[in-house]
Amino acid sequence: MFERRIAVIGTGYVGLTTGACLAALGHTVVCADVDAAKMERLRVGAVDILEPGLADLVSEGIASGRLRFVLDAVSAVRGATEGSGAAEVVFLCLPTPMDPSGRADLFALHSVVRQIRKQLDPGTVLVNKSTAPVGTVASIHTLLGRDDVPVVSNPEFLREGSAVRDFMHPDRIVVGCDTPYGAERVSALYARFGAPTVLTDAASAEMVKYAANCFLAMKLSYVNALAELCEHLGANIGDVTEGIGYDHRIGQAYLKPGPGWGGSCLPKDALAMLRVAESAGCAFDLLRATIATNDRQKERVVDKIRMAVTGSRSGSLAGVRLGLLGLTFKAGTGDLRDSPALGVAALLRRAGAELVGYDPAVAVPPAGATTPALADVRVVDDPVRVAPGARALVLLTEWPEFRALDWASLAGAVSERVVVDTRNLLDVDVLRRAGFTVHSLGRR
Ligand code: UDX
(Lines give C-alpha, C1' and ligand atoms only; values in the text may rest on other atoms or scores of the structure.)
Protein backbone atom coordinates (compact mmCIF):
# COMPACT_ATOMS: atom_id res chain seq x y z
CA MET A 1 0.00 0.00 0.00
CA PHE A 2 1.25 3.51 -0.84
CA GLU A 3 1.58 5.70 2.23
CA ARG A 4 0.16 9.05 1.28
CA ARG A 5 0.54 12.56 2.66
CA ILE A 6 -3.04 13.50 3.55
CA ALA A 7 -4.66 16.71 4.73
CA VAL A 8 -8.04 16.61 6.49
CA ILE A 9 -9.87 19.93 6.76
CA GLY A 10 -12.42 19.95 9.61
CA THR A 11 -12.22 17.84 12.77
CA GLY A 12 -15.82 17.05 13.64
CA TYR A 13 -17.04 13.44 13.89
CA VAL A 14 -16.20 12.67 10.26
CA GLY A 15 -12.93 14.64 10.00
CA LEU A 16 -11.32 13.53 13.23
CA THR A 17 -12.31 9.90 12.71
CA THR A 18 -11.07 9.98 9.11
CA GLY A 19 -7.76 11.62 10.07
CA ALA A 20 -7.03 9.35 13.03
CA CYS A 21 -8.00 6.18 11.14
CA LEU A 22 -5.96 7.06 8.04
CA ALA A 23 -2.95 7.75 10.27
CA ALA A 24 -3.52 4.37 11.92
CA LEU A 25 -3.45 2.83 8.44
CA GLY A 26 0.05 4.25 7.96
CA HIS A 27 -0.61 7.50 6.13
CA THR A 28 0.88 10.84 7.21
CA VAL A 29 -2.04 13.06 8.16
CA VAL A 30 -2.34 16.75 8.97
CA CYS A 31 -5.72 17.83 10.34
CA ALA A 32 -6.81 21.46 10.28
CA ASP A 33 -9.63 23.27 12.06
CA VAL A 34 -10.40 26.93 12.74
CA ASP A 35 -11.27 26.13 16.39
CA ALA A 36 -7.97 27.09 18.09
CA ALA A 37 -8.94 25.78 21.55
CA LYS A 38 -9.95 22.44 20.08
CA MET A 39 -6.68 22.18 18.14
CA GLU A 40 -4.80 22.90 21.39
CA ARG A 41 -6.61 20.06 23.09
CA LEU A 42 -6.21 17.66 20.16
CA ARG A 43 -2.46 18.34 20.00
CA VAL A 44 -2.23 16.78 23.47
CA GLY A 45 -4.59 13.94 22.52
CA ALA A 46 -7.70 15.33 24.27
CA VAL A 47 -10.79 14.26 22.28
CA ASP A 48 -14.07 16.03 23.17
CA ILE A 49 -16.50 13.54 21.64
CA LEU A 50 -17.63 10.22 23.13
CA GLU A 51 -16.31 7.78 20.52
CA PRO A 52 -14.92 4.39 21.56
CA GLY A 53 -11.29 3.99 20.43
CA LEU A 54 -10.91 7.45 18.93
CA ALA A 55 -8.83 9.03 21.70
CA ASP A 56 -6.41 6.08 21.62
CA LEU A 57 -6.01 6.39 17.85
CA VAL A 58 -5.37 10.12 18.16
CA SER A 59 -2.73 9.59 20.86
CA GLU A 60 -1.06 6.81 18.87
CA GLY A 61 -1.09 8.96 15.75
CA ILE A 62 0.53 11.88 17.56
CA ALA A 63 3.11 9.59 19.20
CA SER A 64 4.04 8.02 15.86
CA GLY A 65 4.43 11.45 14.26
CA ARG A 66 1.88 10.49 11.59
CA LEU A 67 -0.91 12.72 12.93
CA ARG A 68 -0.64 16.47 13.44
CA PHE A 69 -3.08 19.29 14.09
CA VAL A 70 -2.81 22.79 12.64
CA LEU A 71 -5.04 25.83 12.66
CA ASP A 72 -5.32 26.67 9.00
CA ALA A 73 -6.17 24.73 5.91
CA VAL A 74 -3.30 26.13 3.86
CA SER A 75 -0.68 24.83 6.31
CA ALA A 76 -2.32 21.43 6.28
CA VAL A 77 -2.29 21.35 2.48
CA ARG A 78 1.30 22.59 2.33
CA GLY A 79 2.35 19.94 4.82
CA ALA A 80 2.47 21.67 8.19
CA THR A 81 6.27 21.69 8.65
CA GLU A 82 9.16 22.72 6.40
CA GLY A 83 10.19 19.98 3.97
CA SER A 84 7.40 17.59 5.01
CA GLY A 85 5.92 17.77 1.51
CA ALA A 86 2.53 18.97 0.33
CA ALA A 87 -0.57 16.82 0.69
CA GLU A 88 -1.28 14.33 -2.11
CA VAL A 89 -4.91 13.86 -1.01
CA VAL A 90 -7.01 16.54 0.71
CA PHE A 91 -10.25 15.57 2.51
CA LEU A 92 -12.93 18.20 3.04
CA CYS A 93 -14.86 17.23 6.20
CA LEU A 94 -16.72 20.41 6.86
CA PRO A 95 -20.08 21.15 8.43
CA THR A 96 -23.02 21.55 6.02
CA PRO A 97 -25.69 22.75 8.42
CA MET A 98 -29.28 23.40 7.41
CA ASP A 99 -30.02 26.93 6.26
CA PRO A 100 -33.38 28.47 7.27
CA SER A 101 -35.08 26.88 4.24
CA GLY A 102 -33.81 23.41 5.13
CA ARG A 103 -31.19 23.33 2.36
CA ALA A 104 -27.62 22.31 3.06
CA ASP A 105 -25.43 25.39 3.64
CA LEU A 106 -22.15 24.95 1.72
CA PHE A 107 -20.52 28.17 2.93
CA ALA A 108 -17.77 26.50 4.99
CA LEU A 109 -16.96 24.05 2.19
CA HIS A 110 -16.68 26.72 -0.51
CA SER A 111 -14.66 29.04 1.75
CA VAL A 112 -12.03 26.36 2.30
CA VAL A 113 -11.87 25.59 -1.42
CA ARG A 114 -11.22 29.27 -2.11
CA GLN A 115 -8.48 29.31 0.55
CA ILE A 116 -6.58 26.30 -0.77
CA ARG A 117 -7.20 26.30 -4.55
CA LYS A 118 -3.91 27.97 -5.42
CA GLN A 119 -1.96 25.93 -2.83
CA LEU A 120 -2.63 22.48 -4.30
CA ASP A 121 0.17 20.83 -6.26
CA PRO A 122 -0.84 19.51 -9.69
CA GLY A 123 -2.18 15.96 -9.30
CA THR A 124 -3.41 16.50 -5.75
CA VAL A 125 -6.80 14.82 -5.27
CA LEU A 126 -9.48 16.89 -3.51
CA VAL A 127 -12.04 14.69 -1.76
CA ASN A 128 -15.38 15.84 -0.39
CA LYS A 129 -16.46 13.74 2.61
CA SER A 130 -18.95 16.26 3.96
CA THR A 131 -22.60 15.35 3.46
CA ALA A 132 -23.56 17.66 0.61
CA PRO A 133 -26.25 17.66 -2.05
CA VAL A 134 -25.90 16.35 -5.57
CA GLY A 135 -23.89 18.84 -7.62
CA THR A 136 -21.52 19.87 -4.83
CA VAL A 137 -18.45 18.27 -6.43
CA ALA A 138 -19.34 20.07 -9.66
CA SER A 139 -19.56 23.38 -7.75
CA ILE A 140 -16.19 22.71 -6.09
CA HIS A 141 -14.66 21.93 -9.48
CA THR A 142 -15.94 25.21 -10.87
CA LEU A 143 -14.69 27.14 -7.85
CA LEU A 144 -11.29 25.44 -8.08
CA GLY A 145 -10.93 26.42 -11.75
CA ARG A 146 -8.23 23.78 -12.26
CA ASP A 147 -8.14 20.65 -14.42
CA ASP A 148 -4.99 19.27 -12.80
CA VAL A 149 -6.76 18.59 -9.47
CA PRO A 150 -9.49 15.92 -9.65
CA VAL A 151 -12.43 16.35 -7.25
CA VAL A 152 -13.95 13.22 -5.73
CA SER A 153 -17.12 12.53 -3.73
CA ASN A 154 -16.37 9.94 -1.02
CA PRO A 155 -19.32 9.96 1.38
CA GLU A 156 -18.98 8.68 4.94
CA PHE A 157 -21.54 6.34 6.56
CA LEU A 158 -20.23 6.24 10.09
CA ARG A 159 -22.62 6.28 13.05
CA GLU A 160 -22.02 8.25 16.21
CA GLY A 161 -20.93 5.97 18.99
CA SER A 162 -19.30 3.49 16.59
CA ALA A 163 -17.44 5.85 14.24
CA VAL A 164 -14.02 4.16 14.41
CA ARG A 165 -15.48 0.69 13.99
CA ASP A 166 -17.64 1.85 11.07
CA PHE A 167 -14.63 3.50 9.39
CA MET A 168 -12.39 0.47 9.84
CA HIS A 169 -15.10 -2.05 8.93
CA PRO A 170 -17.12 -0.33 6.20
CA ASP A 171 -20.11 -2.06 4.60
CA ARG A 172 -18.95 -0.44 1.36
CA ILE A 173 -16.77 2.33 0.00
CA VAL A 174 -18.34 4.81 -2.41
CA VAL A 175 -16.07 6.80 -4.74
CA GLY A 176 -17.53 9.25 -7.24
CA CYS A 177 -15.17 10.92 -9.68
CA ASP A 178 -15.12 11.72 -13.35
CA THR A 179 -11.43 10.82 -13.76
CA PRO A 180 -10.02 7.29 -13.24
CA TYR A 181 -6.89 8.81 -11.66
CA GLY A 182 -8.88 10.49 -8.89
CA ALA A 183 -11.04 7.41 -8.31
CA GLU A 184 -8.01 5.12 -8.14
CA ARG A 185 -6.12 7.36 -5.68
CA VAL A 186 -9.03 7.45 -3.25
CA SER A 187 -10.18 3.82 -3.46
CA ALA A 188 -6.55 2.73 -2.93
CA LEU A 189 -6.63 4.34 0.52
CA TYR A 190 -9.29 1.83 1.62
CA ALA A 191 -8.06 -1.19 -0.35
CA ARG A 192 -6.95 -3.10 2.73
CA PHE A 193 -10.51 -3.18 4.08
CA GLY A 194 -11.53 -5.49 1.23
CA ALA A 195 -14.99 -3.88 1.28
CA PRO A 196 -17.19 -3.65 -1.83
CA THR A 197 -16.29 -0.44 -3.65
CA VAL A 198 -18.83 1.46 -5.71
CA LEU A 199 -16.95 3.41 -8.37
CA THR A 200 -19.28 5.89 -10.03
CA ASP A 201 -19.68 9.49 -11.09
CA ALA A 202 -19.69 12.27 -8.52
CA ALA A 203 -23.43 13.02 -8.69
CA SER A 204 -24.37 9.38 -8.11
CA ALA A 205 -21.96 9.08 -5.19
CA GLU A 206 -23.44 12.20 -3.61
CA MET A 207 -26.91 10.72 -4.08
CA VAL A 208 -25.88 7.45 -2.38
CA LYS A 209 -25.32 9.27 0.90
CA TYR A 210 -28.70 11.01 0.98
CA ALA A 211 -30.53 8.02 -0.41
CA ALA A 212 -29.05 5.80 2.31
CA ASN A 213 -29.90 8.15 5.19
CA CYS A 214 -33.39 8.84 3.88
CA PHE A 215 -34.03 5.12 3.46
CA LEU A 216 -32.96 4.52 7.08
CA ALA A 217 -35.26 7.33 8.21
CA MET A 218 -38.10 5.88 6.16
CA LYS A 219 -37.56 2.44 7.70
CA LEU A 220 -37.81 3.95 11.18
CA SER A 221 -40.89 6.03 10.40
CA TYR A 222 -42.47 2.86 9.01
CA VAL A 223 -41.74 0.87 12.19
CA ASN A 224 -43.02 3.71 14.39
CA ALA A 225 -46.24 3.92 12.36
CA LEU A 226 -46.51 0.12 12.51
CA ALA A 227 -46.13 0.25 16.30
CA GLU A 228 -49.10 2.61 16.52
CA LEU A 229 -51.21 0.23 14.46
CA CYS A 230 -50.12 -2.73 16.61
CA GLU A 231 -51.38 -0.88 19.69
CA HIS A 232 -54.80 -0.45 18.08
CA LEU A 233 -54.99 -4.05 16.86
CA GLY A 234 -53.49 -5.78 19.90
CA ALA A 235 -50.40 -7.06 18.09
CA ASN A 236 -46.85 -6.99 19.55
CA ILE A 237 -44.38 -4.85 17.56
CA GLY A 238 -41.40 -6.78 18.86
CA ASP A 239 -42.70 -10.03 17.42
CA VAL A 240 -43.87 -8.30 14.26
CA THR A 241 -40.46 -6.80 13.51
CA GLU A 242 -38.76 -10.09 14.33
CA GLY A 243 -41.14 -11.79 11.90
CA ILE A 244 -40.56 -9.37 9.04
CA GLY A 245 -36.85 -8.98 9.81
CA TYR A 246 -35.99 -12.58 8.92
CA ASP A 247 -36.74 -11.68 5.32
CA HIS A 248 -33.22 -10.87 4.08
CA ARG A 249 -34.76 -8.18 1.88
CA ILE A 250 -35.88 -6.37 5.09
CA GLY A 251 -33.27 -7.40 7.70
CA GLN A 252 -33.50 -7.18 11.50
CA ALA A 253 -31.48 -3.97 11.81
CA TYR A 254 -33.06 -0.59 12.30
CA LEU A 255 -36.47 -1.88 13.29
CA LYS A 256 -36.66 -0.69 16.89
CA PRO A 257 -39.54 1.70 17.56
CA GLY A 258 -38.78 4.82 19.54
CA PRO A 259 -39.71 8.45 20.18
CA GLY A 260 -38.56 9.28 16.64
CA TRP A 261 -35.27 9.49 14.79
CA GLY A 262 -32.88 12.37 15.44
CA GLY A 263 -29.23 13.31 15.62
CA SER A 264 -26.95 15.51 13.55
CA CYS A 265 -27.51 13.65 10.30
CA LEU A 266 -30.87 12.04 9.56
CA PRO A 267 -33.14 15.05 10.22
CA LYS A 268 -31.01 17.53 8.26
CA ASP A 269 -30.30 15.11 5.41
CA ALA A 270 -33.96 14.12 5.03
CA LEU A 271 -35.03 17.76 4.85
CA ALA A 272 -32.16 18.72 2.52
CA MET A 273 -33.09 15.86 0.20
CA LEU A 274 -36.75 16.95 0.22
CA ARG A 275 -35.74 20.52 -0.67
CA VAL A 276 -33.54 19.25 -3.52
CA ALA A 277 -36.40 17.09 -4.78
CA GLU A 278 -38.81 20.03 -4.65
CA SER A 279 -36.35 22.20 -6.60
CA ALA A 280 -36.14 19.43 -9.15
CA GLY A 281 -39.93 19.37 -9.41
CA CYS A 282 -40.25 15.95 -7.71
CA ALA A 283 -42.97 15.62 -5.07
CA PHE A 284 -41.21 12.77 -3.22
CA ASP A 285 -44.32 12.30 -1.06
CA LEU A 286 -42.75 9.24 0.58
CA LEU A 287 -39.96 11.36 2.07
CA ARG A 288 -42.40 14.10 3.06
CA ALA A 289 -44.49 11.47 4.87
CA THR A 290 -41.37 10.01 6.48
CA ILE A 291 -40.54 13.41 8.01
CA ALA A 292 -44.19 14.12 8.97
CA THR A 293 -44.49 10.69 10.64
CA ASN A 294 -41.36 11.45 12.65
CA ASP A 295 -42.66 14.83 13.81
CA ARG A 296 -45.95 13.20 14.78
CA GLN A 297 -44.14 10.42 16.65
CA LYS A 298 -43.05 12.87 19.33
CA GLU A 299 -46.64 14.10 19.72
CA ARG A 300 -47.80 10.51 19.90
CA VAL A 301 -45.37 9.89 22.76
CA VAL A 302 -46.69 12.96 24.60
CA ASP A 303 -50.26 11.68 24.14
CA LYS A 304 -49.17 8.34 25.57
CA ILE A 305 -47.67 10.09 28.63
CA ARG A 306 -50.82 12.20 29.02
CA MET A 307 -52.94 9.05 28.88
CA ALA A 308 -50.67 7.19 31.34
CA VAL A 309 -50.71 10.01 33.90
CA THR A 310 -54.21 11.46 33.57
CA GLY A 311 -56.13 8.51 32.10
CA SER A 312 -57.29 10.68 29.19
CA ARG A 313 -55.76 11.85 25.92
CA SER A 314 -56.89 15.40 26.73
CA GLY A 315 -55.87 15.36 30.42
CA SER A 316 -53.78 18.32 31.65
CA LEU A 317 -50.08 17.98 32.33
CA ALA A 318 -49.87 21.41 33.94
CA GLY A 319 -47.63 21.21 37.01
CA VAL A 320 -47.18 17.46 36.59
CA ARG A 321 -43.68 16.35 37.55
CA LEU A 322 -42.12 13.81 35.18
CA GLY A 323 -38.78 12.01 35.48
CA LEU A 324 -36.94 11.63 32.17
CA LEU A 325 -34.45 8.83 31.65
CA GLY A 326 -32.24 9.68 28.65
CA LEU A 327 -31.72 13.02 26.88
CA THR A 328 -29.28 12.27 24.03
CA PHE A 329 -30.57 11.33 20.56
CA LYS A 330 -29.46 7.72 21.07
CA ALA A 331 -27.44 5.64 23.49
CA GLY A 332 -23.66 5.60 23.17
CA THR A 333 -23.24 9.29 22.39
CA GLY A 334 -23.29 12.57 24.28
CA ASP A 335 -24.88 14.30 21.29
CA LEU A 336 -28.08 16.27 21.99
CA ARG A 337 -28.47 17.62 18.44
CA ASP A 338 -32.03 17.13 17.18
CA SER A 339 -32.58 14.63 19.98
CA PRO A 340 -36.08 13.11 19.92
CA ALA A 341 -35.87 12.97 23.73
CA LEU A 342 -35.50 16.74 23.87
CA GLY A 343 -38.18 17.13 21.20
CA VAL A 344 -40.59 15.27 23.49
CA ALA A 345 -39.37 17.30 26.49
CA ALA A 346 -40.13 20.56 24.65
CA LEU A 347 -43.71 19.44 23.96
CA LEU A 348 -44.16 18.31 27.57
CA ARG A 349 -42.81 21.62 28.85
CA ARG A 350 -45.17 23.49 26.54
CA ALA A 351 -47.99 21.43 28.12
CA GLY A 352 -46.90 22.75 31.51
CA ALA A 353 -45.11 19.69 32.85
CA GLU A 354 -42.15 19.96 35.21
CA LEU A 355 -39.21 17.89 33.97
CA VAL A 356 -36.28 16.36 35.81
CA GLY A 357 -33.91 14.46 33.56
CA TYR A 358 -30.84 12.23 33.71
CA ASP A 359 -28.50 11.01 31.00
CA PRO A 360 -25.19 9.17 31.60
CA ALA A 361 -23.49 11.26 28.90
CA VAL A 362 -24.92 14.65 29.87
CA ALA A 363 -23.27 16.67 32.64
CA VAL A 364 -25.34 18.84 34.97
CA PRO A 365 -24.94 22.39 33.59
CA PRO A 366 -23.05 24.67 36.03
CA ALA A 367 -25.41 26.74 38.22
CA GLY A 368 -26.70 29.78 36.37
CA ALA A 369 -25.37 28.46 33.06
CA THR A 370 -28.00 28.02 30.35
CA THR A 371 -27.63 25.23 27.82
CA PRO A 372 -30.31 26.05 25.23
CA ALA A 373 -30.76 22.38 24.36
CA LEU A 374 -31.52 21.59 28.01
CA ALA A 375 -33.67 24.63 28.73
CA ASP A 376 -36.79 22.51 29.32
CA VAL A 377 -35.24 20.02 31.73
CA ARG A 378 -33.65 20.23 35.19
CA VAL A 379 -30.70 17.88 34.71
CA VAL A 380 -29.55 15.73 37.65
CA ASP A 381 -26.42 13.59 38.01
CA ASP A 382 -28.06 10.39 39.23
CA PRO A 383 -30.98 8.45 37.67
CA VAL A 384 -32.56 7.89 41.10
CA ARG A 385 -32.90 11.65 41.53
CA VAL A 386 -35.46 11.93 38.71
CA ALA A 387 -37.96 9.90 40.75
CA PRO A 388 -38.98 11.93 43.83
CA GLY A 389 -42.51 13.28 43.30
CA ALA A 390 -42.71 12.07 39.72
CA ARG A 391 -46.15 11.08 38.40
CA ALA A 392 -44.39 9.01 35.75
CA LEU A 393 -40.90 7.99 34.67
CA VAL A 394 -40.35 8.36 30.93
CA LEU A 395 -37.52 6.43 29.25
CA LEU A 396 -36.45 8.27 26.09
CA THR A 397 -32.90 7.03 25.27
CA GLU A 398 -31.99 3.35 25.21
CA TRP A 399 -28.99 3.40 27.59
CA PRO A 400 -28.56 -0.23 28.73
CA GLU A 401 -27.86 0.86 32.33
CA PHE A 402 -31.52 1.86 32.75
CA ARG A 403 -32.48 -1.82 32.63
CA ALA A 404 -30.40 -2.44 35.77
CA LEU A 405 -31.87 0.36 37.85
CA ASP A 406 -33.18 -0.56 41.31
CA TRP A 407 -36.83 -0.37 40.31
CA ALA A 408 -38.06 -1.52 43.71
CA SER A 409 -36.49 1.53 45.40
CA LEU A 410 -37.59 3.81 42.58
CA ALA A 411 -41.12 2.57 43.24
CA GLY A 412 -40.78 3.99 46.74
CA ALA A 413 -39.66 7.41 45.53
CA VAL A 414 -42.14 8.21 42.77
CA SER A 415 -45.59 9.60 43.59
CA GLU A 416 -47.19 7.28 41.04
CA ARG A 417 -45.76 3.96 39.82
CA VAL A 418 -46.06 4.65 36.13
CA VAL A 419 -43.37 4.07 33.50
CA VAL A 420 -43.58 5.10 29.85
CA ASP A 421 -40.84 3.17 28.00
CA THR A 422 -40.54 4.77 24.54
CA ARG A 423 -37.69 2.43 23.59
CA ASN A 424 -39.23 -0.88 24.73
CA LEU A 425 -35.95 -1.36 26.58
CA LEU A 426 -37.05 -2.33 30.05
CA ASP A 427 -37.99 -5.73 31.43
CA VAL A 428 -41.74 -5.38 31.94
CA ASP A 429 -41.91 -8.27 34.43
CA VAL A 430 -39.26 -6.71 36.66
CA LEU A 431 -41.14 -3.41 36.67
CA ARG A 432 -44.49 -5.06 37.31
CA ARG A 433 -43.02 -6.97 40.26
CA ALA A 434 -41.89 -3.60 41.60
CA GLY A 435 -45.48 -2.36 41.29
CA PHE A 436 -45.15 -0.24 38.16
CA THR A 437 -47.69 0.08 35.36
CA VAL A 438 -45.69 0.00 32.13
CA HIS A 439 -46.69 1.75 28.90
CA SER A 440 -44.56 0.98 25.85
CA LEU A 441 -44.70 1.35 22.08
CA GLY A 442 -46.47 -1.10 19.86
CA ARG A 443 -47.68 -3.51 22.46
CA ARG A 444 -50.72 -3.53 24.70
C1 UDX B 1 -26.76 8.03 10.93
C2 UDX B 1 -26.54 6.88 9.93
O3 UDX B 1 -26.82 5.65 10.58
C4 UDX B 1 -25.09 6.89 9.46
O5 UDX B 1 -24.88 5.86 8.49
C6 UDX B 1 -24.76 8.23 8.83
O7 UDX B 1 -23.44 8.29 8.44
C8 UDX B 1 -25.05 9.33 9.83
O9 UDX B 1 -26.38 9.26 10.30
P10 UDX B 1 -26.26 8.45 13.49
O11 UDX B 1 -26.66 9.87 13.31
O12 UDX B 1 -25.11 8.14 14.36
O13 UDX B 1 -25.97 7.78 12.05
O14 UDX B 1 -27.56 7.75 14.09
P15 UDX B 1 -28.22 6.31 13.99
O16 UDX B 1 -27.50 5.32 14.82
O17 UDX B 1 -28.43 5.97 12.60
O18 UDX B 1 -29.63 6.64 14.70
C19 UDX B 1 -30.44 7.67 14.17
C20 UDX B 1 -31.71 7.81 14.99
O21 UDX B 1 -32.55 6.68 14.78
C22 UDX B 1 -31.45 7.89 16.49
O23 UDX B 1 -32.33 8.84 17.05
C24 UDX B 1 -31.79 6.48 16.97
O25 UDX B 1 -32.21 6.44 18.29
C26 UDX B 1 -32.93 6.11 16.03
N27 UDX B 1 -33.10 4.66 15.84
C28 UDX B 1 -32.10 3.94 15.25
C29 UDX B 1 -34.30 4.06 16.25
O30 UDX B 1 -35.20 4.71 16.77
N31 UDX B 1 -34.45 2.70 16.04
C32 UDX B 1 -33.48 1.93 15.47
O33 UDX B 1 -33.70 0.73 15.31
C34 UDX B 1 -32.26 2.57 15.06
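Values reported hereafter were calculated over all heavy atoms of this structure, with side chains retained and with hydrogens, waters and symmetry mates removed. Counting starts at 1 for both ligands and their atoms, following the listed order.
By the criterion of a heavy-atom distance under 4.0 Å, the side chain of Lys209, and not its backbone, is placed next to ligand 1. Residue contacts with ligand 1 for Asp166 are absent, since no atom lies close enough (heavy atoms, distance under 4.0 Å). With a 4.0 Å heavy-atom cut-off, ligand 1 is reached by the backbone of Leu255 but not by any atom from C-beta on. At a heavy-atom distance under 4.0 Å, only side-chain atoms of Arg423, from C-beta outward, approach ligand 1.
Screening Arg378, Arg321, Arg349 for a side-chain hydrogen bond (donor to acceptor under 3.5 Å, both in side chains) with Glu354, the sole residue that qualifies is Arg321. A salt bridge (charged side-chain N to carboxylate O under 4.0 Å, His left out) with Arg41 is found for exactly one of Asp33, Asp48, Asp35, namely Asp48.
Judged by distance alone, the side chains of Arg443 and Ser440 do bring a donor and an acceptor atom under 3.5 Å apart. Counted by atom type alone, Glu88 and Thr124 present zero donor-acceptor pairs between their side chains at under 3.5 Å. Side-chain atoms of Ser204 and Asp201 include a donor-acceptor pair closer than 3.5 Å. Residues Ser279 and Arg103 bring a donor and an acceptor atom of their side chains to less than 3.5 Å of each other. For the residue pair Tyr210/Glu206, the side-chain donor-acceptor check at 3.5 Å is not satisfied. One side chain, Thr328 or Asp359, offers a donor N or O that lies under 3.5 Å from an acceptor on the other.
Residues Gly26 and Arg66 approach most closely at O-CD, 3.5 Å, considering heavy atoms. Residues Thr333 and Lys330 come closest through the heavy atom pair CG2-O, 3.2 Å.
No N or O atom of Cys265 sits closer than 3.5 Å to an N or O atom of ligand 1. Ligand 1 has an N or O atom lying under 3.5 Å from an N or O atom of Gly262, backbone or side chain. Residue Phe329 has at least one nitrogen or oxygen atom sitting less than 3.5 Å from a nitrogen or oxygen atom of ligand 1, judged on distance alone. For ligand 1, the polar-atom distance check against Tyr254 finds a nitrogen or oxygen pair separated by under 3.5 Å. Residue Arg159 places no N or O, backbone or side chain, under 3.5 Å from any N or O of ligand 1.
The nearest protein atom to atom 31 (N) of ligand 1, hydrogens excluded, is given as Lys256 O, 2.8 Å; this is a heavy-atom distance. With respect to atom 1 (C) of ligand 1, the closest heavy atom belonging to the protein is Leu266 CD1, 3.4 Å. The nearest heavy-atom contact from the protein to atom 5 (O) of ligand 1 is Phe157 O, 2.8 Å. The nearest protein atom to atom 26 (C) of ligand 1, hydrogens excluded, is given as Leu220 CD1, 3.8 Å; this is a heavy-atom distance. Protein heavy atom nearest atom 2 (C) of ligand 1, with residue, atom name and distance: Asn213 OD1, 3.8 Å. For atom 12 (O) of ligand 1, the nearest non-hydrogen atom of the protein is Glu160 N, 2.6 Å.
Every atom of ligand 1 is numbered from 1 in the order shown, and the set under 4.0 Å from a heavy atom of Glu156 is 7 (O). Proximity to Trp261 (heavy-atom distance under 4.0 Å) selects the following atoms of ligand 1: 20 (C), 21 (O), 23 (O).
In this structure, Gly263 has no heavy atom closer than 4.0 Å to ligand 1.
Compare Lys330, Gln297, Arg337 by their heavy atoms: the one nearest to atom 14 (O) of ligand 1 is in Lys330.
One finds the NZ atom of Lys209 at 9.0 Å from the NZ atom of Lys129 (value rounded to the nearest 0.5 Å). Separation of atoms CG (Leu393) and CG (Leu396) is listed at 11.0 Å; rounding is to 0.5 Å.
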